[in-house]
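So the structure is just underneath, and the comments pick up after that.
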2 protein chains.
Amino acid sequence: MATIKEVSDLAGVSQATVSRVMNGNNKVSEINRERVMAAMDKLGYQPNSFAQALATNRSYSVGIVVGTLSGPFYGPMMHSIESVLRNEGQHLIATSGHDDLEQERDAIRFLNSRRVDAILLVVQAMGDDELIEMCQRNPNIFVLNRYVPELANRCIYLNNELGGYLATKHLIDLGHTKIASITGPLVHLDARERLQGYRNALNEAGIEYDAQLVVEGLYQEDGGNKAAAKLFQRDVEFTGVVCGNDNIAIGVYDILSLDNESPAERISVVGYDDMFYSRYLRPKMTTIRFPIEEMGTIAANMVLQNLSNVDLVKGVQLEPQLIVRESSAPPVG
Amino acid sequence: MATIKEVSDLAGVSQATVSRVMNGNNKVSEINRERVMAAMDKLGYQPNSFAQALATNRSYSVGIVVGTLSGPFYGPMMHSIESVLRNEGQHLIATSGHDDLEQERDAIRFLNSRRVDAILLVVQAMGDDELIEMCQRNPNIFVLNRYVPELANRCIYLNNELGGYLATKHLIDLGHTKIASITGPLVHLDARERLQGYRNALNEAGIEYDAQLVVEGLYQEDGGNKAAAKLFQRDVEFTGVVCGNDNIAIGVYDILSLDNESPAERISVVGYDDMFYSRYLRPKMTTIRFPIEEMGTIAANMVLQNLSNVDLVKGVQLEPQLIVRESSAPPVG
DNA sequence: TATTCCCGTGAAAGCGCTTTCTCTTAATAT
DNA sequence: ATATTAAGAGAAAGCGCTTTCACGGGAATA
């Protein structure tokens, strides 16, 4: 790979001049600028970004730690982040923490040694305290999809309680009174918040909360299946289920299909997140829309803003939205 | 951020010694090693990887250009690649080309300026010639999910023809004789190959190829819907459809559902790729499994092998596999 | 014509590492 | 005891850029 020296030699100017044309510095004569451009072109010159970063102490890249690089949740998020960063000449370095504390730390360490200009954290395993300490040391860390009071202005998160409320309220409005809830793991704040929303809606409607109707499940894969099975094995009646996420709702779909039943017939189900595949399901799933792309966009813009020294960034709370499709209906009888 | 100098000062040794303990060089006395470690710890030292890269001319990172960071196809692939690289102390820098030639070039340029140790290309827009030229200049480029004869030993690809054959053969074995095919865009080699597989199976069974039964669609989103609609509007009979990918198959699901029909009742449908959500569909989709994760793993290992100078890497062709689920059944009547 | 100013330019230092080369000291062989 | 070797450590150069500073020469001002 050609270096700046080769370019400057070929163009018959100093390295400083080459550097100036690269960086759009206007204190270069037209004639020299052209010579340099020609030389660059001829050599297929690509500046070495390591050298640049070392000299400027800026890497023009931001790092992100997500749970996994695959999956319907993080993908769209990274996608929207990358889009806006790219537009501003920044780049995204993606690493995954696999929801494991050690791996999350490891990823952060890596990004630090990469001297990224900012870090976006979408982590589960790491505790609040560690997060707080980190953010205090480094003003360019942002926390996505999680709310830590002490870090209020570095958090971009969803109003999960509202979502839980909307889902439950929807069923209540349809006429349901016996409504079950399959939550995500309650160690996660968002799961607790969603559950709280469920309780709020119940409360508002004067329906008593019944612990028998609540079961805790996992967000992933067949975690939904198992939890749904557990609910159905309990000897309680219900005509609607609000789920901690779409996967869990799919678990309910599955259980129902075992009896050749379909959601919305005897039992209505409401998901949460509106993953892109929810609309491929039959019946199409009623769910709570999580504006993931928007979260990504906002995060990226926040990073950008923060970098340009406008140190006025503030945390953002996003609003979920009820999407009514076909898996919910008035109760029969 | 602390520098090596601060560490060496604090430890009372030279920078060279600090560097040595960092890199596991054994020519350091135990006592000094401990001093250095302690100093590093105390300062929370993280080596600046730019400086390291500049000095060693190695970045310990590999770049990948995919179509999009989101979506069910690239996600799992990147995931598996990252996993194996991570294990070897390498890291993944992910960029997306959005299936647009300029953006693909741009991404590659970026990765080059980042001096990644290797580049993984999963590109659609770029032509073979450009690819070939690139690979000739840079021995550390690999091409995924695409076969270019001139680049045979740098390609990791699927035997698409076999997949098309298997899908079609499956329907034939079930007793179908009137089998339609909705292909992906035929500008793509893989779509052509899959179609060829379809023809081979037909041919083998002595069924005549009928152009009326073949329609070209798009891989994305509702591309499947439109193509399916077109097929159904033609005045031809068929009892089975093999699709260019799962999305297209979903399009068929949709069309059928408009008439309150379900796949496998009157018309069997076979997908291609086995995206993770295919099993969330009802009826569960019969499809061709594309070993995406495996492709990622192999690619990553190939990169690693190539970097350790074992210049014996060879291209790999992966085999697809028929997954029979519920969307295919013997023809009625 | 003499003085000031500004613009374009190059020399050189510095960014934070690695690595070669040299030197010192201790261990081993004679 | 001396001669040889090996091990551990530091000085310094170099990686490819950016940026400060100083300089020279024409344009502008007096």
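Given the structure is predicted, the values throughout are model-derived calculations rather than measurements. All chains are named by letter (A, B, ...) in the order of the sequence lines, taking the proteins before the strands, and each is independently numbered beginning at 1. Both backbone and side-chain heavy atoms feed into the values below; hydrogens, waters and symmetry mates do not.
Atom-to-atom, CG of B/Asp9 to C1' of C/dC17 comes out at 15 Å; the value is rounded to the nearest Å. Summarising the geometry, the separation between CD on B/Glu30 and P on D/dA7 is reported as 16 Å, rounded to the nearest angstrom. We find that CD1 of B/Ile4 is positioned 17 Å from P of D/dA12, with the value rounded to whole Å. Residue B/Glu6 contributes atom CD, which lies 8 Å from atom P of C/dG16 at whole-angstrom precision. The CG-P distance, from A/Asn48 to D/dG16, rounds to 7 Å in whole Å. Taking atom CZ on A/Arg33 and atom P on C/dT9, their separation rounds to 10 Å, with Å as the unit. Taking atom CZ of residue B/Arg115 and atom P of nucleotide C/dC17, one finds them 20 Å apart after rounding to whole Å. Computed from coordinates, the B/Phe50 CZ to C/dC15 C1' distance equals 12 Å when rounded to whole Å.
B/Thr17 and B/Asn32 form no side-chain donor-acceptor contact under 3.5 Å, judged by distance and modelled atom types alone. A donor-acceptor contact closer than 3.5 angstrom is absent between the side chains of A/Arg86 and B/Ser96. For the residue pair A/Thr68/B/His79, the side-chain donor-acceptor check at 3.5 Å is satisfied.
Projected onto DNA chain D by closest heavy-atom contact, A/Pro47 and B/Gly12 fall at different nucleotides, the more 5' of which corresponds to B/Gly12. Residues B/Val13 and B/Thr56 each lie close to DNA chain D; by heavy-atom proximity, the contact nearer the 5' end of the strand is made by B/Val13.
Side-chain N/O atoms of A/Gln52 include none lying less than 4.0 angstrom from OP1 or OP2 on D/dG16. Between D/dA11 and B/Gln15, no contact under 4.0 Å exists linking OP1 or OP2 to a side-chain N or O. A sub-4.0 Å separation between OP1 or OP2 of C/dT9 and a side-chain N or O of A/Asn32 is present. Using a 4.0 Å cut-off, some side-chain N or O of A/Tyr45 falls inside it from OP1 or OP2 of D/dC17. For B/Ser14 and D/dG10, the shortest distance from a side-chain N or O to OP1 or OP2 is below 4.0 Å.
Atoms CG and CG, from B/Leu151 and B/Asp128 in turn, are 8.0 Å apart once rounded to the nearest 0.5 Å. Rounding to the nearest 0.5 angstrom, the gap separating the CD1 atom in A/Ile156 from the CG atom in A/Asn145 is 10.0 Å.
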Using the side chain to side chain contact (heavy atoms under 4.5 Å, CB included) rule, take A/Arg154 and A/Ile141 through it: C-alpha gap first, then chi angles, then the decisive distance, then the call. CA-CA 7 Å; A/Arg154 321 225 136 268; A/Ile141 298 186; 5.7 Å; no

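Listed nucleotides: D/dC17, C/dT18, C/dT9. Nearest to the side chain of A/Lys27: C/dT9. If you check C/dG8, D/dG10, C/dG10 against the side chain of A/Ser29, the one that comes closest is C/dG8.
The pair A/Asp190-A/Arg146 does not count as a salt bridge, with every side-chain nitrogen at least 4.0 angstrom from each carboxylate oxygen.
When ring centroids are compared, A/His91 and A/Tyr60 stay outside the 6.0 Å threshold.
Using a 4.0 Å heavy-atom cutoff across all strands shown, B/Asn57 reaches no nucleic acid atom at all.
In the region residues 16-25 of chain B, proximity to DNA chain D at under 4.0 angstrom, judged on heavy atoms, holds for B/Ala16, B/Thr17, B/Arg20.
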